[in-house]
Amino acid sequence: MKPSIKRWLIENNTLIIFVLMVVLSAIISDSFFTGNNISNLLRQTAPVGLISFGMLLVILTGGIDLSVGSVVAAIGVSFALLSHQVYFPWAVILSVLIGAGIGIISGYLVAWQRVAPFIATLAMMTIVRGTGYLISKGSPVTVGEYSKSILQFGSGDLLGIPYAAILLFMVFGIVYLMLKYNAFGRMLIAIGSNEEAVRLSGISVKKYKFWVYVIIAVFSAIAALLMVSRTGVGTPNIGVGMELDVIAVVVIGGASLSGGKGSVVNTLLGALILAMIGNVMNLLDIASYLQQVIKGVIILMAVIFQRYQKK
């Protein structure tokens with residue numbers, strides 16, 4: 001094989017896997033390419049995809065955030081409770097602000113208190129999940145009459161494209177432009193590549209690390225609203241293990257867990273790949289626990305491939 005072809009295959013492995021998954025899914029299930037299934041696939045991808053964009057930013061700096069699943073649960077419950085007290089726009093704004101507040105705490109611990117990201121976000125994962133159970137008293141909370149319009153967003157579409165998918169692609173565009181053309185995005189990559197060099201250049205590394213945790217928390221809050229918009233219920237036990245799915249998406253997309261390397265395009269493809277695996281297995285009525293095994297194998301293969309790629 002020519003070196004140029006080999007290099008192209010290595011550099012575009014996520015795209016190749018995505019195309020193979022589409023072809024394989026179409027062969028395995030006749031229902032895959034139906035309009036309803038594609039719409040459901042995009043709706044399922046949107047929450048995980050949104051958080052994955054935030055996780056990419058965190059991982060680019062060499063960090064990690066294990067609290068995203070708990071944030072989704074707590075914000076879902078918070079929105080449902082607020083929906084009984086205030087009108088829809090205010091419930092949305094307040095929910096996003098609560099999410100940002102959680103991100104501020106995580107960012108402060110990591111950036112200014114120098115707590116290891118794994119430990120800081122693990123603690124926040126437990127605290128936020130417990131808070132979700134406390135405020136909901138351990139029970140699902142139905143969306144109130146003031147905010148029933150969110151259900152229209154969850155089930156609605158524009159020209160056949162679900163609103164959730166449109167939001168996902170809009171955020172994708174913003175993150176893509178930020179990483180490609182904005183100094184903030186390029187600085188995240190620089191910090192992950194060589195944090196000490198960036199610090200010696202007189203740049204505040206703490207500031208950038210702080211903001212990525214705020215951003216991922218806001219994206220998690222928006223993802224929670226998307227999930228509530230589909231079910232009409234805020235549940236304190238939702239999002240368990242979601243952080244693993246999000247990390248899997250970013251790793252499948254070729255990002256390096258040590259920081260400094262990652263692509264938002266590949267992250268989106270990774271989210272679609274993971275969603276297709278679950279979608280096809282649901283169409284074939286395969287048990288959910290087997291999906292977890294497959295996800296774990298995919299993560300392992302992606303990490304091994306990264307090691308091969310470095311060599």
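Numbering starts at 1 and runs along the sequence shown. Given the structure is predicted, the values throughout are model-derived calculations rather than measurements. Quick note: numbers below take in every heavy atom, side chains included, and nothing from hydrogens, waters or symmetry partners.
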Participant: Can you name the nearest heavy-atom pair linking Gly144 to Ser83, along with the distance?
Facilitator: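 Scanning both residues completely, I find the closest heavy atoms to be N-OG, 2.7 Å.
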Participant: For the CG atom of Leu15 and the CG atom of Leu269, what is their distance to the nearest 0.5 Å?
Facilitator: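 The distance works out to 6.0 Å.
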Participant: Compare every heavy atom of Val68 with every heavy atom of Ser220, then report the nearest pair and how far apart it is.
Facilitator: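 Closest pair (atom of Ser220, atom of Val68, distance): OG-CG1, 3.5 Å.
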Participant: Would you mind listing every ring-ring contact (aromatic ring centres under 6.0 Å, His included) that reaches into residues 241-262, with sequence neighbours excluded?
Facilitator: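 Residue pairs with at least one partner in residues 241-262: there are none.
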Participant: What residues form a side chain to side chain contact (heavy atoms under 4.5 Å, CB included) with Ser193, not counting sequence neighbours?
Facilitator: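 In terms of side chain to side chain contact (heavy atoms under 4.5 Å, CB included), with neighbours along the sequence ignored, Ser193 is linked to Ile189.
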Participant: Quick check: closest heavy atoms across Ala255 and Leu56, and the distance to 0.1 Å?
Facilitator: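 Looking at all heavy atoms of both residues, the closest pair is CB-CD1, 4.0 Å.
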Participant: Can you sort out the partners of Pro236 under side chain to side chain contact (heavy atoms under 4.5 Å, CB included), two or more places apart, ordered by chain and number?
Facilitator: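 Side chain to side chain contact (heavy atoms under 4.5 Å, CB included) list for Pro236, sorted by chain: Val77, Tyr133, Ser136.
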Participant: For Gly49 and Leu168, which heavy atoms make the closest approach, and how far apart are they?
Facilitator: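 Taking every non-hydrogen atom into account, C-CD1, 3.7 Å.
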Participant: Which pair of heavy atoms, one from Leu60 and one from Gly262, lies closest together, and at what distance?
Facilitator: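 Minimum heavy-atom contact is CD2-N, 3.6 Å.
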Participant: I need the full list of side chain to side chain donor-acceptor pair (under 3.5 Å) pairs touching residues 35-50, with sequence neighbours left out, sorted by first then second residue.
Facilitator: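 Counting only pairs at least two positions apart or across chains, the side chain to side chain donor-acceptor pair (under 3.5 Å) contacts touching residues 35-50 are Asn37-Asn279.
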Participant: With sequence neighbours left out, which residue pairs that include part of residues 50-67 fulfil the side chain to side chain donor-acceptor pair (under 3.5 Å) condition?
Facilitator: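 Matches after skipping sequence neighbours: Asp65-Ser67.
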Participant: The test is side-chain contact (heavy atoms from CB on, under 4.5 Å); show your working for Lys207 and Met187 and say whether it passes.
Facilitator: CA-CA 11 Å; Lys207 179 180 68 175; Met187 198 57 64; over 6 Å; no
Participant: Go through the steps to decide whether Val250 and Val58 satisfy the test side-chain contact (heavy atoms from CB on, under 4.5 Å), and finish with yes or no.
Facilitator: CA-CA 11 Å; Val250 179; Val58 172; over 6 Å; no
Participant: Under the ring-ring contact (aromatic ring centres under 6.0 Å, His included) rule, what pairs show up with a residue in residues 231-283, not counting sequence neighbours?
Facilitator: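 ring-ring contact (aromatic ring centres under 6.0 Å, His included) check on residues 231-283 returns no pairs.
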Participant: Per the ring-ring contact (aromatic ring centres under 6.0 Å, His included) rule, what does the pair list look like for residues 201-233, sequence neighbours excluded?
Facilitator: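 Sorted result for residues 201-233: Trp112-Phe210, Phe184-Tyr208.
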Participant: Can you run down the ring-ring contact (aromatic ring centres under 6.0 Å, His included) pairs that involve residues 57-111, sequence neighbours left out, and say none if there aren't any?
Facilitator: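 Pairs touching residues 57-111 that pass the test: Tyr87-Tyr146.
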Participant: Determine whether Leu57 and Val175 satisfy the following criterion, side-chain contact (heavy atoms from CB on, under 4.5 Å), listing intermediate values before the conclusion.
Facilitator: CA-CA 9 Å; Leu57 301 181; Val175 176; 4.2 Å; yes
Participant: Minimum heavy-atom separation for Ala217 and Val71, please, with both atom names.
Facilitator: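 So the minimum-distance heavy-atom pair works out to O-CG1, 4.1 Å.
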Participant: Does Arg199 have any salt bridge (charged side-chain N to carboxylate O under 4.0 Å, His left out) partners at least two apart in sequence or in another chain, and if so, which?
Facilitator: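 Here the qualifying residues are Glu195, Glu196.
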Participant: Could you tell me which residues satisfy side chain to side chain contact (heavy atoms under 4.5 Å, CB included) with Thr235, sequence neighbours excluded, listed by chain and number?
Facilitator: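 Partners of Thr235 under the side chain to side chain contact (heavy atoms under 4.5 Å, CB included) test: Pro140, Val233, Asn237, Ile238.
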Participant: Under 3.5 Å, side-chain donor or acceptor atoms of residues 91-100 against the rest of the protein: list the pairs with distances, not counting sequence neighbours.
Facilitator:
residue	atom	partner	partner atom	Å
Ser95	OG	Ala91	O	2.7

Participant: Do Phe172 and Thr267 come within less than 4.5 Å of each other through their side chains, counting heavy atoms only?
Facilitator: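 No, too far: nothing below the 4.5 Å cut-off.
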Participant: Applying side chain to side chain contact (heavy atoms under 4.5 Å, CB included), can you list everything that pairs with Tyr176, at least two apart in sequence or on another chain?
Facilitator: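 In terms of side chain to side chain contact (heavy atoms under 4.5 Å, CB included), with neighbours along the sequence ignored, Tyr176 is linked to Lys180, Val264, Val265.
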